[in-house]
Structure formats: structure tokens, C-alpha cells
Amino acid sequence: MPSQEYTSPPVRAGRREWWGLAVLALPTVLIALDMSVLHLAVPQLSADLGPSGTQLLWIVDIYGFLIAGLLITMGTLGDRVGRRRLLLIGAVGFGAASVLAAYATSPTMLIVARGLLGVAGATLMPSTMSLLRNMFHDPGQRTVAISVWMAGFVLGGALGPAVGGVMLEYFWWGSVFLLGAPVMALLVITGPLLLPEYRAGRPGRLDLLSAVLLLVGVLPVIYGVKEYASHGVGALSSLALAAGLALCTAFVLRQRTLTAPLLDLRLFRSRTFAAALAVLSLSMFVMAGAQFFLAQFLQMVSGYGPMKAGLLLLPVSVTMVVGIMASPALARRVGPARLMAAGLALTAVGMLILSRLTEDSGLVPVIVGGAVMSLGLGPTPALGTGMVLATAPAEKAGEASAVQETAAELGTALGIALLGAAGTALYRAEVRGGLPAGTPAEAGAAAEDSIGSAVAAAEGLPTEGRDLLLDAVRAAFTDGVQVVFTAGAGVALGIALLTATLLRTVTPALEEGREAPAQAPRSG
């Protein structure tokens, strides 16, 4: 029987909480922007610092690796030491690491700075989301707040190419990192005034062995998946993936024996929690794979540069923001599960439009298909995240937020890896049988590796040979894109069915705030 705590009307947020939401949106915009601007700065920093190929990979990847590996640890740490305190500590660290990265004088120094940015970034993401759980108790207001938070993340990623391109046009490569310093300074100043502090009452001691197990388990999993995406199945990447999965299994088994685990596995007993996590992860799988191929199509087939391709994709990001922000009002009319399922079906329509792309399609089908796809995806992260937070008890909000973020990271990595691997396999199969007669062996080998290598190799060929080679690889890549988007449409429809089936009955209770006592785990 539900207790009075859950049946009485929840306290509604006031002006301070809404201003606090604006503060919490700052790091989300910055983290997303920081993930995208570095790719534009790579040519300039390579010329200045002269990193080796391995060092350059570490400069690019270590930030995301450490964020993914530390999210759960930092989310649980916030529940123990205070979510606002951890957020402010992370903000100071992020600002300082941003300055260190901006003025790095060697590849090693930049790798260390990027690693510190990843550690600090891992404290920011679950802290902001878990604070939302404590600031907005009313389910309707919480959904709006999460939508604003999500919109900030999407906008940050969309603005990255534009902002980074402008800064690199007028300043040195390190300027793109300096964006973090003033934003984090503002967060440190306003946070204590507008954000409440919250920590679990009796959290228990942080288990350091579990934290180490999780980090050394997640990192090789992410590495293996990324290597599959970039280079296909290989011995080293497969070994890393297997080792990471074994360590993650050991982590899970250890949590079952601890009285105060780093991750309370009882969270997953909630049907809503587990189903919403699955839907969120799969939707990120679809979105990441689609964006990966759209960006490549605009650059490698249509011939646009990175910054212009990013600007052309802005309408796609804007429509996702529209979908996110419209979700709370629409969900009250039709129900969250129905809205998410309908949105995912619309996503499938957008991907089917994209599956008809050809080398001569032009921009219209790219923008229209991408916009329809993104508009449909909008409700899922906004409403699904609300379900995850609502089913977790307040003292576990940091853990729940971190699990949700980790699931999104893994979904993104798997989307790029698996859909990328499928598209690459189709591309290579087409290229092997379709290279123009007389193509030099070196250029042919580059063409079979990837379309990026083919475009670079074609630059050194005579005009006729270059044009024939580019026509062949662009046709092969487009064929792969068509199949991948067709498969993506099928996955989106499958997620829509999963949403409508698993979240249909629990959503009304969740929206009224009544599910928690029946399904949420006890605090540890």
C-alpha cells in the first residue's frame, strides 16, 4: 500500500530552483561542446606540438574514455560527500585543466590535461542530473527541467563546430579549451547561492577496489568497441573487449557481496528503471550511428569541409531540441510511453528518407531526413531519463544518474562501432569489385581501407584517374549508407515496440509519483 509520503502532492519548485537549472545547464553545454571542438583543432595542434600518431589518438580519446570509466564512481561519490560539493570541485578542476590544455607545450602535457578534463567531466554529469532529482520533486516540473538539461547537451554538441571554427579562424588552437574557464568560474560563484546540497544519510564507505575494477573494466570495453568501429575486428581489440567484460563481471559479483556497494544492483529490480535504460541506450545507438554516417556523407561524398558540414547539420540538432522541449506538454496529453514510441516510429521514417540518398541527392533529403529523424528522437532522452530518476530513491539519485549516463556512452560507442562496421564492410565489398582499371596499387589499397583514405590518395592522381576513383568510392560508400539507414529504421521501430510494451503500464503511476515505494530498492 503506498505511504502518505508518495500520495500527498509533491512540493513544486520555485524561482530559485529554476535559476539553479540555468546554472546546471552550463556544464552540459560545455562538456558537449568540448567533445566536438577538438577534432577541428587537430591540424593546428599537430603542426604546433608534432605528436606521434599514438599520441594524437590519446589526445583525442582519453577524455571520453575517462568520463565513461568514472561516471558510476563519481555518481556514487556524490551521494556520499554531497552532490553540490562534488559538482563545485569538478568545476574548479575542469576550469584549471582547460587552462592547462590551452597552454600545453608538448603532446604529453596535452594528454595529461585532457585526462584531467575527463576526470573532472565525470564529476559534472551525474552531479547535475542528480541535483535535478532533488530540486524538482513534481514529476511534471522535473520532466521540463530534464528537457532543458538535455537541450543544453544537444546544443553544445551542435555549436561545437561553429564556435570552434570561428575561434580557430582568429586565435591559436588552445583557445578552444579556454571556453571552459569562464563558464566554470560562473558555476563556482553561483552554485552555492542557487543549488541545494544533498547527500545520502548513511551511505557507507566508498569501496576503492570496486572503483578500480570498474575503471579498468570499462576502459578496455570502450577501447575495444571504438577499435572495432575504426579498424574492424582485430586480435588486440578483441582481447581488450574480452578482458574488460571479465573485469566488469567481477565488479558486478563483488557488488553482490558488499553491504555498501559502489553500485546498488537492486536499482535494476525496477522494471521501469531497467526498461528505460535499455530504451535510452538503444536510442543513443541509433542516433550516434546515424550522425556518424551523415557527417561522413556530407564531407566525403558531398565534398564539404568539417566546419561547413557541422553548420549544415545545425538544423538537425535544432529539431532535436524542439522535440526535447515539446515533450513535457505532449506527454501530458498522450502519455510518455506513447509519445516515445510514436517519436521512435517517426525516427524510422526519417531514416528511411536517408536510406534513399545518392551521390547526386543534394542537401534537401539530408536535411529533411535528418530533421525528421532527430525530431522523433527528442522525446526519448527527455522522458526516459525522467523515468530512470523517478524510479530511484532520492538517496540513490547520483548512482541512477551515473548509470544512465554510462548506458548512453555505451550505446553511443556501440552505435558507431556496429553500424560503422556494417557500413565499412559493405563499402569494402563494393570497392573491391568496382575500382577503375589502371588504379595504382597503393591508391587501390587506400581506397579499400576507408573512403577517407581513398579521398586523400586520390589527390595525388591525374585528374581523370582521380575523378574515376572518387566516383567509385563515393558510389560504394553511398550504397553502404543506404543499407545502414535501412537497418537503423528497423532498429528504431524495434525500440518503439519495446517502449510501448515494457513502459505502457508503469508510466501513469510513475508520472503521478506512486511507483517508487513498490519497486525502488532500499538504500544501502
Can you check side chain to side chain contact (heavy atoms under 4.5 Å, CB included) on Leu357 and Leu354, steps first, answer last? CA-CA 6 Å; Leu357 290 176; Leu354 293 171; 4.2 Å; yes
Would you check, one step at a time, whether the test side chain to side chain contact (heavy atoms under 4.5 Å, CB included) holds for Leu24 with Leu87? CA-CA 9 Å; Leu24 291 178; Leu87 175 66; 3.8 Å; yes
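- Remark: Arg356 CZ is loosely packed, at most 12 non-hydrogen atoms of other residues, nucleotides or ligands lying under 6.0 Å away.
- Residues Gly20 and Leu194 come closest through the heavy atom pair CA-CB, 4.0 Å.
- When side chains are defined from C-beta on, Leu179 does not count as touching Val183, because their heavy atoms never get closer than 4.5 Å.
- Side-chain atoms of Met325 and Val148, non-hydrogen and from C-beta on, do get closer than 4.5 Å to each other.
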Enumerate, atom names and distances included, each donor-acceptor pair closer than 3.5 Å involving a side-chain atom of residues 382-390, sequence neighbours excluded.
residue: Thr385; atom: OG1; partner: Pro381; partner atom: O; Å: 2.7

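- Contact between Ala500 and Ala341 at its shortest, heavy atoms only, is CB-CB, 4.2 Å.
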Report all side-chain donor-acceptor pairs from residues 317-324 shorter than 3.5 Å, counting only partners two or more places apart or in another chain.
residue: Thr319; atom: OG1; partner: Pro315; partner atom: O; Å: 3.3
residue: Thr319; atom: OG1; partner: Val316; partner atom: O; Å: 2.7
residue: Thr319; atom: OG1; partner: Ala371; partner atom: O; Å: 3.3

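- Inter-residue side-chain proximity for Phe485 and Phe297 is flagged as unmet; no heavy-atom pair is nearer than 4.5 Å.
- Here OG of Ser130 is found 11.0 Å from CD of Gln404. Values are rounded to the nearest 0.5 Å.
- Heavy atoms only, all atoms of each residue included: Leu503 and Ala275 are closest at CD2-CB, 3.7 Å.
- A donor-acceptor contact shorter than 3.5 Å links the side chain of Thr347 to the backbone of Met373.
- The distance from the CG atom of Leu21 to the CD atom of Glu17 is 10.5 Å, given to the nearest 0.5 Å.
- Put simply, CG on Leu502 and CG on Leu498 are 4.5 Å apart, with the number rounded to the nearest 0.5 Å.
- Listed for the Ser281 side chain is no donor-acceptor partner under 3.5 Å among the backbone atoms of Leu277.
- For Arg83 (side chain) and Leu131 (main-chain N/O), no donor-acceptor pair under 3.5 Å exists by modelled atom type.
- The side chain to side chain contact (heavy atoms under 4.5 Å, CB included) search around Ser210 returns Asp207, Phe251, Arg254, Gln255, Leu258, Leu262, not counting sequence neighbours.
- Looking at residues two or more places apart in sequence or on another chain, you find a side chain to side chain contact (heavy atoms under 4.5 Å, CB included) between Ala120 and Phe94.
- We find the CZ-CE distance between Arg84 and Met135 to be 11.0 Å, quoted to the nearest 0.5 Å.
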Evaluation steps, side chain to side chain contact (heavy atoms under 4.5 Å, CB included), between Met150 and Val154: CA-CA 6 Å; Met150 288 286 177; Val154 173; 5.5 Å; no
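- With sequence neighbours left out, the side chain to side chain donor-acceptor pair (under 3.5 Å) criterion links Thr249 to no other residue.
- Under the side chain to side chain contact (heavy atoms under 4.5 Å, CB included) criterion, Thr486 pairs with Ser355, not counting sequence neighbours.
- Screening residues 144-160 for side-chain hydrogen bond (donor to acceptor under 3.5 Å, both in side chains) gives Thr128-Trp149 as the qualifying pairs, with residues at least two apart or on separate chains.
- By the 4.5 Å heavy-atom criterion applied to side chains, Trp18 and Val144 are counted as neighbours.
- Nearest heavy-atom pair, Leu66 versus Ala122, reported as atom, atom and distance to 0.1 Å: O-CB, 4.3 Å.
- A pairwise comparison of heavy atoms in Ser327 and Leu339 identifies O-CD2, 3.6 Å as the closest pair.
- Rounding to the nearest 0.5 Å gives a distance of 6.5 Å between CG of Leu187 and CG of Leu26.
- Pairing each heavy atom of Leu245 with each of Val221, the nearest pair is N-CG2, 3.7 Å.
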Any chance you could lay out the side chain to side chain contact (heavy atoms under 4.5 Å, CB included) test for Leu426 and Asp479, step after step, and finish with the verdict? CA-CA 8 Å; Leu426 290 166; Asp479 288 345; over 6 Å; no
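- No donor-acceptor distance shorter than 3.5 angstrom exists from the side chain of Thr73 to the backbone of Leu70, with no hydrogens or angles considered.
- Rounding to the nearest 0.5 Å gives a distance of 10.0 Å between OG1 of Thr28 and CG of Leu124.
- A search for side chain to side chain contact (heavy atoms under 4.5 Å, CB included) contacts involving Thr380 returns Val279, Leu280, Ser283, Met340, Leu344, not counting sequence neighbours.
- By the 30° and 60° cut-offs, the orientation of the rings of Phe477 relative to Phe293 is tilted.
- Contact annotation: the side chain of Leu282 never approaches that of Val286 to less than 4.5 Å [non-hydrogen atoms, C-beta and beyond].
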